[in-house]
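Chain letters run A, B, ... following the sequence lines, proteins first, then strands; residues in each count from 1.
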Protein chains: 2
Amino acid sequence: MTRTAGSKGEKTLSALREAGLKRLYRQGFSGMTLRELAGDVGIQAGSLYNYFRNKQDFLYQVMVTVMEDILTEMEEKLRGTRTPREALMAYVDCHVSFHSSRNREVLISTMELRSLTPENYQKIVALRDQYEGQFRKILEWGNKEKSWKVPDAQVATKLILGMMTSVGTWYKPGGRYKISDLILIYQDMIDNLLHNEVSAHALDPALMESRLTRQILKQ
Amino acid sequence: MTRTAGSKGEKTLSALREAGLKRLYRQGFSGMTLRELAGDVGIQAGSLYNYFRNKQDFLYQVMVTVMEDILTEMEEKLRGTRTPREALMAYVDCHVSFHSSRNREVLISTMELRSLTPENYQKIVALRDQYEGQFRKILEWGNKEKSWKVPDAQVATKLILGMMTSVGTWYKPGGRYKISDLILIYQDMIDNLLHNEVSAHALDPALMESRLTRQILKQ
DNA sequence: CCTACCGATCGGTAGG
DNA sequence: CCTACCGATCGGTAGG
């Protein structure tokens, strides 16, 4: 069997990434030892340095991948939305979906910010700011278009992102609700939150029927 | 000057607790070294063992204190509430207040669950379940009294507690909003969430005026 | 509360 | 990718 050049090394690399995620999640950055990580993929500790420059670099790679992945997904979902409300619903969809399906990685990315060197910290925080900024821009766009009235977009962003992000702390795959259910719940909650007293004509009719909280909380 | 018996040791003990909180928050349990902790309070590493049996015991003491404090505060706030809605508002008040003012300790208590020995883990999780159970009981009480209709109290508890808890991740003292503002926002959000389509007669008139989200998000 | 110390283990490197 | 190793440092203990 001919082997693709570098295929073995790439298998090890992706195994390292998967094993690293588990260990970072269960033990944290300083609690995870490189000897354990090497053991997970069947190599010796010294051999790890063929895959990353040092332990810090490994953490950084994990975190930058998470941020780039969610930024890419978000960009795709937002492309083609034509109203603030469509954009809002797309953002909620993407955010809840990512934070549920990849909750382990997301939690690591928040908890281990403190373990980054100052240089790496700055880079990751810049990506996080960019991600958060996209939400704030949607809120401000809706203000301008009179889709809703959010006087303090800065704090509203923190508040709404926070309530969505928390889904990652309690969602368990195979539990009572599918991710698609959770998306509908959060979309409806946030939709109601923003449109509570706003005249209906500003709203997108396609999204008007409230599938919201009633579906899960009240049905 | 006569010194109260043990006063020096108690000063050191409370200094250790404060320094420990900072280090646990910034470095995590396995990242914090006992030599650093000893240095913070001006003693040698070996002397720490006059204050706790070992590092694990120190973490456990920190976490059990947080849980006992919030359970005590909650018990006091809930005592004397006469309707499900009053109880709900009291719970939100206490939860948001505690998770804002003592956010560092609360975040430690969540992140470092993984660092506890199995025996200590069980004890802390039992306290957390008790705390969470109090909220679920309020939801179920409101169901029975027809204050609201929450078909899945289990998941609603996770969802609503999650959105409240997230305030601890972004609240900064001295920021744009006081804790008392945040309490009003969350009370209103959750109040609206539960009463969205419920006839008004079930609601407590004293709490009827919606101070909610409109105050901050829309005024 | 200190000095002095223990065994264990860590991240990382040299040289294949 | 391995063997063999380095200096540094860790949590914890003995004996005052």
* Could I get the full list of side-chain contact (heavy atoms from CB on, under 4.5 Å) partners for Thr157(A), not counting sequence neighbours? =>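 With sequence neighbours excluded, Thr157(A) shows a side-chain contact (heavy atoms from CB on, under 4.5 Å) to Glu132(A), Phe135(A), Arg136(A), Leu139(A), Leu161(A), given in chain and number order.
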
* With Asp69(B) via side-chain contact (heavy atoms from CB on, under 4.5 Å) - residues at least two apart ->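 Once residues adjacent in sequence are excluded, the partners of Asp69(B) under the side-chain contact (heavy atoms from CB on, under 4.5 Å) criterion are Thr65(B), Phe98(B), Arg102(B).
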
* Mind listing the closest non-hydrogen atom pair of Leu116(B) and Ile124(B) along with its distance? =>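 Closest pair (atom of Leu116(B), atom of Ile124(B), distance): CD1-CG1, 3.7 Å.
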
* Asked: Contact class for Phe58(A) vs. all strands (heavy atom < 4.0 Å): base, sugar-phosphate, or nothing?
  -> nothing

* Asp93(A) and Gln187(A): side chain donor to acceptor below 3.5 Å ->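 The answer is no; no qualifying pair exists.
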
Report, one pair per line, the protein and nucleotides 8-15 of chain C atoms (nitrogen or oxygen only) whose separation is under 3.5 Å.
from	atom 1	to	atom 2	distance (Å)
dG11(C)	OP1	Met32(A)	O	3.2
dG11(C)	OP1	Lys55(A)	NZ	3.1
dG11(C)	OP2	Leu34(A)	N	3.0
dG11(C)	N7	Arg35(A)	NH1	2.8
dG11(C)	O6	Arg35(A)	NH2	3.0
dG12(C)	OP2	Tyr49(A)	OH	3.0
dG12(C)	OP2	Lys55(A)	N	2.8
dG12(C)	O5'	Tyr49(A)	OH	3.3

* With sequence neighbours excluded, residues passing side-chain contact (heavy atoms from CB on, under 4.5 Å) with Ser14(A) ->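 With sequence neighbours excluded, Ser14(A) shows a side-chain contact (heavy atoms from CB on, under 4.5 Å) to no residue whatsoever.
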
* Those residues of residues 16-27 of chain B lying under 4.0 Å from DNA chain D by at least one heavy atom -> none

* Compute whether any side-chain donor of one residue and acceptor of the other, for His99(A) and Asn103(A), lie under 3.5 angstrom apart. =>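 No, no side-chain donor-acceptor pair sits under 3.5 Å.
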
* Asked: Which atoms form the tightest heavy-atom contact between Ser97(B) and Ile179(B), and what is the distance?
  ->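 Ser97(B) and Ile179(B) have their closest heavy atoms at CA-CG2, 3.9 Å.
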
* Asked: Do the ring centers of Tyr91(B) and Tyr131(B) come within less than 6.0 Å of each other?
  ->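 When the ring centroids of Tyr91(B) and Tyr131(B) are compared, they turn out to be within the sub-6.0 Å range.
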
* Round to the nearest Å and state the distance from Asn50(A) atom CG to dC1(D) atom C1'. =>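 It is 6 Å, rounded to the nearest whole Å.
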
* Structure fact -> Residue pairs meeting ring pair (Phe, Tyr, Trp, His ring centres under 6.0 Å), one or both in residues 29-57 of chain B, sequence neighbours left out, come to Phe52(B)-Phe58(B)

* Residues forming a side-chain contact (heavy atoms from CB on, under 4.5 Å) with Asn143(A), sequence neighbours excluded ->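 side-chain contact (heavy atoms from CB on, under 4.5 Å) list for Asn143(A), sorted by chain: Trp148(A), Val150(A).
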
* **side chain to side chain donor-acceptor pair (under 3.5 Å) contacts touching residues 159-174 of chain B (sequence neighbours left out)** => His95(B)-Thr165(B)

* Asked: If we fit an axis to the first five pairs and another to the last five of the helix from dC1(C)-dG16(D) to dG16(C)-dC1(D), what angle do they make, to the nearest 10°?
  -> 0°

* Structure fact -> In numerical order, the residues of residues 112-122 of chain A whose heavy atoms come under 4.0 Å of DNA chain D are none

Using a 3.5 Å cut-off and no angle test, enumerate the donor-acceptor pairs between side-chain atoms of residues 15-24 of chain B and protein atoms at least two apart in sequence or in another chain.
from	atom 1	to	atom 2	distance (Å)
Arg17(B)	NH2	Glu105(B)	OE1	3.0
Glu18(B)	OE2	Arg104(B)	NH2	3.2
Arg23(B)	NE	Asp40(B)	OD2	2.6
Arg23(B)	NH1	Gln27(B)	OE1	3.1
Arg23(B)	NH2	Asp40(B)	OD1	2.9
Arg23(B)	NH2	Asp40(B)	OD2	3.4

* What salt bridge (charged side-chain N to carboxylate O under 4.0 Å, His left out) pairs are there with at least one residue in residues 107-116 of chain B, not counting sequence neighbours? ->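 Checked against salt bridge (charged side-chain N to carboxylate O under 4.0 Å, His left out) - neighbours excluded - the pairs reaching residues 107-116 of chain B are Glu112(A)-Arg114(B), Arg114(A)-Glu112(B).
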
